[in-house]
Amino acid sequence: MDSDCGNPAARQHIAALCCLLGFAAGLRLAVALFLPHMIWADEIYQVVEPAHRLVYGSGIVAWEYVVGMRSWLFPGVIAGVLWLGRLFGSDPAFKLLPVQLFMVLCSLVPVWVAWRWGERQDGLRGGLVVGGFAALWVDLLYISAHPLSDVIAGDVLMSALYAAFPLTAERSRRRLALAGA
């Protein structure tokens, strides 16, 4: 895609990508809000509870954190999300909403990466087809709003793969270092 946003074709690509990302986010939010479910208890006990304890001062401490077997990185990020959400109110019904919104936004990374790879291969049509598959993939729709380590790891993996394999002829140590980070 041209980096020139004044180009009508570039504007068309950006508009199509924005529509696809909005559609994907809407689907993921609809599943999260209207079909509530829990995939695994870890989303509460390993992520949300430790984050809740950091923000509100109360919560269960899982044994993995007591013995230092689990990292605080992901619950720490979720604690930041809960802290930001607390600024909008303390109603318990809305405590998980900021976490779900954050996870949905993170789940758009694979859609964007798929778009970019498809667009690189076949222009607008390729971006729509490959990005559309990632946007509509049922497994991604089902798990995207859940604060599980596996879910966020998949989102981060896609960004690392894109950084490592941008589908360009040029090799760059900087891109590979970014992918490794």
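Here the structure is a predicted model, which means the values were calculated and not measured.
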Identify all side-chain donor-acceptor contacts of residues 28-43 below 3.5 Å with residues at least two apart in sequence or on another chain.
| from | atom 1 | to | atom 2 | distance (Å) |
| --- | --- | --- | --- | --- |
| R28 | NE | S107 | OG | 3.0 |
| R28 | NH1 | A24 | O | 3.4 |
| R28 | NH1 | A135 | O | 2.9 |
| R28 | NH2 | A134 | O | 3.2 |
| H37 | ND1 | L35 | O | 2.6 |
| H37 | NE2 | Y142 | O | 3.2 |
| H37 | NE2 | H146 | NE2 | 2.9 |
| W40 | NE1 | D42 | OD2 | 3.2 |
| E43 | OE1 | I39 | N | 3.1 |
| E43 | OE1 | H146 | ND1 | 3.1 |
| E43 | OE2 | H146 | ND1 | 2.8 |

Show me the donor-acceptor pairs within less than 3.5 Å that the side chains of residues 55-62 make with the rest of the protein, sequence neighbours left out.
none

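Residues V111 and L21 are in side-chain contact: their nearest non-hydrogen atoms beyond the backbone lie under 4.5 Å apart. Within the 4.5 Å cutoff, side-chain heavy atoms of S149 are placed close to those of R70. Using a 4.5 Å heavy-atom cutoff, the side chains of D139 and I143 are not in contact.
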Could you walk me through whether M158 and W112 pass the side-chain contact (heavy atoms from CB on, under 4.5 Å) test, one step at a time?
CA-CA 9 Å; M158 287 301 292; W112 179 80; over 6 Å; no
side-chain contact (heavy atoms from CB on, under 4.5 Å) assessment of V48 paired with L96
CA-CA 8 Å; V48 177; L96 274 183; 4.0 Å; yes
So W115 and L128, side-chain contact (heavy atoms from CB on, under 4.5 Å) or not? Walk me through it.
CA-CA 6 Å; W115 165 276; L128 285 171; 3.6 Å; yes
The test is side-chain contact (heavy atoms from CB on, under 4.5 Å); show your working for V151 and M103 and say whether it passes.
CA-CA 8 Å; V151 174; M103 292 303 294; 3.8 Å; yes
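The two residues L20 and G131 make their nearest non-hydrogen contact at CD2-C, 3.6 Å. For G118 against V130, the heavy-atom pair with the smallest separation is CA-CG2, 3.7 Å.
The local environment of CZ in R125 is sparse, with at most 12 non-hydrogen atoms from other residues, nucleotides or ligands closer than 6.0 Å.
Linking Ile, Leu, Val, Met, Phe, Trp and Tyr residues whenever their side-chain heavy atoms come within less than 4.5 Å places L157 and L108 in a single cluster.
Every residue meeting the ring-ring contact (aromatic ring centres under 6.0 Å, His included) condition with W72, not counting sequence neighbours, appears here in chain and number order: Y65.
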